[in-house]
Amino acid sequence: MTTNYAVQGRVAVLTLNNPPVNGLGLATRVALTDGLARALADDAVQAIVITGAGKAFSGGADITEFGSPKAFAEPNLLSVILALEASTKPVIAAVHSVCMGGGLELALGCHYRIAAPGCQVALPEVKLGLLPGAGGTQRLPRALGVEPALNMIVSGEPVKSEMLAMLPGQQLFQKIAASSQSLMDEALAYALEVADVRPLPQVRQLPCSHPQGDAYFQFARNMVKGMAKNFPAPLKCIDAVQAATQKKFDDGMAFERETFLNLIWTPEHRALKHLFLAERAASKLPDIPADTVLRDIKSVAVIGAGTMGGGIAINFLNAGVPVKILEAKPEALERGLATIRKNYESQVKKGKLKPDKYEQRMALLSTTLSYDDLKDADLVIEAVFEHMGVKEAVFRELDRVMKPGAILASNTSTLDLNHIAALTGRPQDVVGLHFFSPANIMKLLEVVRGEKTAKDVLATVLALAKKIKKTAVVSGVCDGFIGNRMVDHYIRQAGFLLDEGCTPAQVDKVMEKFGFAMGPFRMSDLAGNDIGWAIRKRRYVEMPQMKYSKTADLLCEQGRFGQKTGAGWYDYVPGKRDAVPSAQVVKMIEDHRAALGITPRKISEDEIVQRLVYALINEGARILEDGIANKSSDIDIVYIYGYGFPVHRGGPINYANEVGLFNVVRAMQRFAQNPLDDAAFWQPAPLLVKLVAESGNL
Ligand code: NAD
């Protein structure tokens, strides 16, 4: 039963019971209205308390019903709330732990609300590109006041119940219980207290106005417009709350409904919903049972205290896991430690970290120069130079010293994990943990599954990723894994665009307008152009058929490695990160074009976007065909969290489906005709061709 029914004395208690967060799916809505009818029909019942079992009052809509007709089937949430509001016996919501979205709208339909302290209260619909669609925009401003309600609706962020209860004049919570434990006793006592009150109070009857309404809402729009630039929902939230101050309640409800339904049809909502579901799906692998017994990870060792090793260590220290770092030389260890300290100290200075927390975290960190000191660690992550010879020596040592059952991980970006695993006598314990730079900040973690990686090792590192607040995506072994394998084609296309007539600044500007955090050339300057150079030199030997523009090599030959050398595709002023277009680089590109006998042409913004993004899509499709990614949504997660792909477009694969695979393939066939491009690359991946024939989606 998704809603339990019980009678305690003269009070009926309806307990939402739909784990994990009492989502308001159809079955729960039916059970709740049935419970209400039963309570109303029972003469012995004088009041009704609604609460939630387990970890929440209610987290709102049931995500398994997203986008399905069930979400709107009767009794829909609006009807349930109307029924509660119209109840002839008082209905008291006893909320605790989590009261969000539809859960809060349900509570607002009750006559009274009592909250446990610490309850997270929110209307998070805006985070899915929507607004609250079951009266939230009309009732919350009435119950809480216009300004705090608008703030909650536009931000979607949770606020604790006891803080809300302190707002002057608020009618959201009539009572805050002494504790979660006493909530039900207090709710039952309160129910008896109000059992005879008539008429029953309804939030809809409360006044709703703002003394300087026009100016206030204009200010709010000005504030939100800049922040929400690619998303329509936040401004629509303001419209709906303003409607609450201007229209009669039922007219405001109609306005909210219409606006909600319009938002459901926007690509931005589809993108956000896709990413929400994709993130949840990413850590689920078809062949790894949910009840796999995990290995216990109580301590971690990191090999190498360079750029990545330091950042990786910080993740675990922040999560309260002791870390021991090993370096080859004492100076390198000192340097690495100083960087970690500096990182924490700057957070303390900015007030983001309390000094005692800093001390606690540093106390978890220890260092060594000897492998024998690592033997007790449950997980070791190697982050030494990207050179197989160096990695080989490290893994041989790890195999010698680490205790049986320890997980041996490598942060390699390009090297063959299966080869690394084979260097040890325990390939089943070896896995790739590909962090992104800066490793303590970037949310993405590519987990590289070797041929022999054990299932419990994978399950353990996926759970650990959550603990250190990363979003993990599993990749098979190939050159570049999911992310770098795709970005290579994107960067190649960017190079061809230079050969044909673009400048780096022009390409970057177009891609940033499309929504990328950074265009390809600014990104390369940040990552270091020398990294790509080294990879290309290897490719020229291993894959001579692969075509590249030579401009990036010419750039590196001038020592222009990017921000770290003060010059790359752009010029940089010391101490600043602003990319200044470089006349020298533009001339270098022009000279190169002239040497190749190319007459530059004006390339449209559409062509720039299509060639770069479709390059990602085609390689993404190949990655799916090859079984490197388990599902297409994983690719979107990689691109959103690792490469700054515009969130409102939902990742390259979601974008491909939005554009239509037919159109994508047609454009690829056109690009293949361009003699300055790589015709072989633009052969559409067979999976794309098949899906176009079936009118399917990726
Ligand atoms: P780095 O040069 O900044 O750091 C490497 C560190 O390893 C140095 O401090 C060095 O002293 C130490 N080291 C070298 N050999 C050692 C040994 N035998 N024993 C112990 N310590 C040793 O390099 P990085 O950028 O941190 O990269 C490390 C690894 O992470 C590489 O495999 C790289 O491909 C990968 N990676 C780098 C990035 C990035 O953006 N920098 C991103 C993802 C993955």
Side-chain angles (χ1 to χ4, degrees), residues 24 26 29 60-63 65-86 100-109 122-144 146-147 149-156 202-210 213-214 216-218 220-221 224-225 228-274 276 648 658:
L24 297 168
L26 179 59
R29 301 194 303 266
D62 189 333
I63 56 163
E65 285 185 3
F66 268 13
S68 88
K70 264 188 166 183
F72 296 101
E74 291 283 11
N76 63 32
L77 190 54
L78 284 165
S79 306
V80 175
I81 292 170
L82 276 181
L84 293 172
E85 201 177 40
M100 293 194 184
L104 177 55
E105 292 176 300
L106 184 92
L108 283 163
L123 287 175
E125 289 78 357
V126 72
K127 295 188 174 182
L128 288 177
L130 296 174
L131 51 69
T137 67
Q138 303 304 298
R139 288 195 180 88
L140 193 64
R142 286 177 161 81
L144 197 60
V146 172
E147 293 197 17
L150 183 72
N151 193 306
M152 284 179 71
I153 293 167
V154 168
S155 72
Q202 295 177 330
V203 172
R204 67 159 68 213
Q205 308 288 359
L206 296 171
C208 187
S209 64
H210 190 287
D214 287 347
Y216 169 67
F217 286 108
Q218 187 56 46
R221 283 193 181 90
V224 164
K225 211 183 270 165
K229 60 178 192 289
N230 294 314
F231 294 95
L235 284 172
K236 296 290 176 197
C237 289
I238 299 180
D239 293 349
V241 173
Q242 188 168 24
T245 66
Q246 292 173 335
K247 294 178 192 282
K248 291 200 186 107
F249 181 81
D250 285 329
D251 294 342
M253 287 295 287
F255 181 82
E256 177 194 271
R257 194 76 201 143
E258 190 187 332
T259 314
F260 175 81
L261 291 175
N262 284 336
L263 285 171
I264 282 205
W265 292 106
T266 58
E268 291 82 5
H269 162 61
R270 286 197 295 275
L272 291 173
K273 185 179 80 174
H274 166 72
F276 177 82
H648 68 287
E658 286 280 340

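Basis for what follows: all heavy atoms, side chains included, without hydrogens, waters or symmetry-related copies.
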Task: Any side-chain heavy-atom pair of Lys70 and Asp62 under 4.5 Å - done: no
Task: Polar side-chain atom of Gln138 near backbone of Ala240 as donor-acceptor pair, under 3.5 Å - done: yes
TODO: Could you tell me which residues satisfy side chain to side chain contact (heavy atoms under 4.5 Å, CB included) with Pro75, sequence neighbours excluded, listed by chain and number?
DONE: Leu26, Arg29, Val30, Thr33, Ser79, Val80
TODO: Quick one: closest heavy-atom pair of Ala244 and Pro141, and the distance?
DONE: CB-CG, 4.3 Å
- [ ] Write down the atom of Leu130, the atom of Cys237, and the distance for their closest heavy-atom approach.
- [x] O-SG, 4.2 Å
Open item on the list: Arg142: which residues meet the salt bridge (Lys or Arg N to Asp or Glu O under 4.0 Å) condition with it, sequence neighbours left out?
Closed with: none
Task: Gln202 side chain vs Glu85 backbone, donor-acceptor pair below 3.5 Å - done: yes
Task: Gap between atom CD of Glu65 and atom CZ of Phe72 - 0.5 Å precision - done: 10.0 Å
Task: Stepwise side chain to side chain contact (heavy atoms under 4.5 Å, CB included) check, Ile81 with Arg139 - done: CA-CA 11 Å; Ile81 292 170; Arg139 288 195 180 88; 3.6 Å; yes
- [ ] Determine the minimum heavy-atom distance between Ala233 and Val126, stating which atoms define it.
- [x] CB-CG2, 4.2 Å
TODO: Before giving the answer on side chain to side chain contact (heavy atoms under 4.5 Å, CB included), spell out for Leu272 and Lys127 the whole-Å C-alpha distance, their side-chain angles and the decisive distance to 0.1 Å.
DONE: CA-CA 7 Å; Leu272 291 173; Lys127 295 188 174 182; over 6 Å; no
- [ ] Would you name the heavy atoms of Leu140 and Leu108 that are closest together and state the gap between them?
- [x] N-CD1, 4.0 Å
Open item on the list: Just to verify, what does Phe217 make a ring-ring contact (aromatic ring centres under 6.0 Å, His included) with, not counting sequence neighbours?
Closed with: none
Open item on the list: I want to check something: taking the side chain as every heavy atom from C-beta on, are Leu78 and Leu82 in contact at a cut-off of under 4.5 Å?
Closed with: no
- [ ] Kindly compute the distance separating CG (Leu150) from CG (Leu144), expressed to the nearest 0.5 Å.
- [x] 11.0 Å
Open item on the list: Using side-chain heavy atoms (C-beta onward) and a distance below 4.5 Å, is Glu125 in contact with Leu263?
Closed with: no
Task: Any residue meeting ring-ring contact (aromatic ring centres under 6.0 Å, His included) with His274, in chain and number order, not counting sequence neighbours - done: none
Task: Residue list, side-chain hydrogen bond (donor to acceptor under 3.5 Å, both in side chains) with Glu256, at least two apart or on another chain - done: Thr137
Open item on the list: Please evaluate residues Val241 and Val146 with respect to the criterion side chain to side chain contact (heavy atoms under 4.5 Å, CB included), reporting the C-alpha separation (whole Å), side-chain torsions for both, the decisive distance (0.1 Å), and the verdict.
Closed with: CA-CA 7 Å; Val241 173; Val146 172; 4.2 Å; yes
- [ ] Quick one: sort the Phe231 and His648 rings into parallel, tilted or perpendicular, breaks at 30° and 60°.
- [x] perpendicular
Open item on the list: If you define the side chain from C-beta out and look only at heavy atoms, does anything of Gln205 sit under 4.5 Å from Phe249?
Closed with: no
Task: Side-chain touch Asn230/Glu268, heavy atoms, less than 4.5 angstrom - done: no
Task: Distance-minimising heavy-atom pair for Phe276 and Ile63 - done: CE2-CG2, 3.3 Å
Task: Nearest-0.5 Å distance that lies between atom CD1 in Ile238 and atom CD in Gln218 - done: 9.0 Å
Task: Nearest non-hydrogen partners of Gly101 and Pro124, listed with the distance - done: N-CD, 3.4 Å
Task: Summary of side chain to side chain donor-acceptor pair (under 3.5 Å) pairs that have at least one residue in residues 240-252, sequence neighbours excluded - done: Arg204-Asp250, Arg221-Gln242
